Amino acid sequence: PWVASEKLEIRMPDITTEVHDTYVLRAQKVDHDEAYIIGYDAVASADKVHHILVYGCTQISSEKEYWIETHEGMGAACKFDSAVYTILWAWALDAPKFSLPEDIGFKVGRRVKVNYIVLQIHYKSVISDPDSSGKEKTSLWLSLVLQELVTISAVVTCVVTCDKVKSFKTHGPNSTEIQGGATHDLSRYTRGVSPF
């Protein structure tokens, strides 16, 4: 497997919430022309975090250190007129660390207009003790490599029995719909990877 050139952490800074089902977002600028995310490791507990979404954005919807939304959606992470607004990864139910296969990564950086990675955390309960340190911290570690890989540009979810693919549901721009093994001409390279 690839060895990460860089580890990037996005951490929630002393978060508290006043109501149930609060969405807290924090952005991290990507300081590279081109980089590839090859792994994700969420430091979170399903006891308090319902799910985490990771977005790639050209422009973010807020310049604050973090911002709070009471509803879910891409517009809360990226500006509505952002050239790129895509989901890069999702976490829930105490899912383990996730590593992509060798040669596969999510391309980010200035060349593909993914200038920011935004962490959106859905806190299902009221957080009265600041969520930032020790066992209570919620954060995300990204593993990056700074060399050319074969890339995938969307999250693809199999919606039928995966050994007899007839349809894929895709998320994000530049993605490819697959039906009965036939690939549309929107992508240069298509590869299905089973996480099991």
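This structure is a prediction, so every number in the text was calculated from the model and none was measured.
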| Interatomic distance, L119 atom CG to R26 atom CZ [nearest 0.5 angstrom] | 9.5 Å
| query | Which value, rounded to the nearest 0.5 Å, describes the distance between E18 atom CD and I127 atom CD1? | reply | 12.5 Å
| query | Within 45° of the axis and under 6.0 Å from the centre of the six-membered ring of Y116, does NZ or CZ of K29 qualify? | reply | yes
| said: How long is the straight-line distance from OH of Y40 back to OG of S99, given to the nearest 0.5 Å? | reply: 11.0 Å
| note | The residue among L25, V24, I121 that forms side chain to side chain contact (heavy atoms under 4.5 Å, CB included) with Y66 is V24
| request: Measure the acute angle between the ring planes of Y23 and H122, then classify it against the limits of 30° and 60° as parallel, tilted or perpendicular. | output: parallel
Determine all donor-acceptor pairs shorter than 3.5 Å in which one atom belongs to a side chain in residues 91-98; sequence neighbours excluded.
unit_1, atom_1, unit_2, atom_2, d
W91, NE1, A95, O, 3.0
D94, OD1, A46, N, 2.9

| Heavy-atom closest pair, residues Q120 and Y55 | OE1-OH, 3.8 Å
| request: Check whether any side-chain heavy atom of L142 lies under 4.5 Å from a side-chain heavy atom of W89, and answer yes or no. | output: no
| request: Check whether any side-chain heavy atom of K124 sits under 4.5 Å from a side-chain heavy atom of D47, and report yes or no. | output: no
| message | Please check this pair: side chain of T17 against backbone of T22, looking for a donor-acceptor N/O pair closer than 3.5 Å. | response | no
| said: Quick one, I60 and K79 - any side-chain contact, counting heavy atoms below 4.5 Å? | reply: no
| query | Heavy atoms, side chains only, cut-off 4.5 Å: are M12 and S139 in contact? | reply | no
| query | Any side-chain heavy-atom pair from Y36 and V108 closer than 4.5 angstrom? | reply | no
| So which heavy atom on A42 is nearest to which on I52, and how close? | CB-CD1, 4.2 Å
| message | Quick one, I117 and V54 - any side-chain contact, counting heavy atoms below 4.5 Å? | response | yes
| Quick check: does any side chain N or O of T58 sit under 3.5 Å from a backbone N or O of S82, one acting as donor and the other as acceptor? | no
| task | Given side-chain contact (heavy atoms from CB on, under 4.5 Å), test N115 with R110 step by step and report yes or no. | result | CA-CA 6 Å; N115 300 329; R110 289 180 284 268; 3.8 Å; yes
| Taking S61 for the side chain and A76 for the main chain, is one N or O donor matched with an acceptor at less than 3.5 Å? | yes
| task | Measure the OG1-CD1 distance between T138 and I10 for me, rounded to the nearest 0.5 Å. | result | 13.0 Å
| message | Give me the atom names and distance for the closest heavy-atom approach of G105 to I38. | response | CA-CG2, 4.4 Å
| task | Would you mind reporting whether V126 and H20 have side-chain heavy atoms less than 4.5 Å apart? | result | yes
| task | Identify, with sequence neighbours excluded, every residue that meets ring pair (Phe, Tyr, Trp, His ring centres under 6.0 Å) alongside H32. | result | none
| field | Greater than 12 external heavy atoms within 6.0 Å of K113's NZ | value | no
| request: Flag the pair E65 / P13 as yes when at least one side-chain heavy-atom distance between them is below 4.5 Å, and no otherwise. | output: yes
| remark: Taken to the nearest 0.5 Å, the spacing of I68 CD1 from I15 CD1 works out to 6.0 Å
| Between C78 and Y85, what is the shortest heavy-atom contact and its length? | SG-CB, 3.5 Å
| message | Testing the basics here: between Q59 and D81, what is the closest heavy-atom pair and its distance to 0.1 Å? | response | OE1-OD1, 3.9 Å
| note | Here the pair of heavy atoms bringing T16 nearest to D129 is CG2-C, 4.3 Å
| message | Would you compute the distance between atom CG of L140 and atom CZ of R11 and round it to the nearest 0.5 angstrom? | response | 12.0 Å
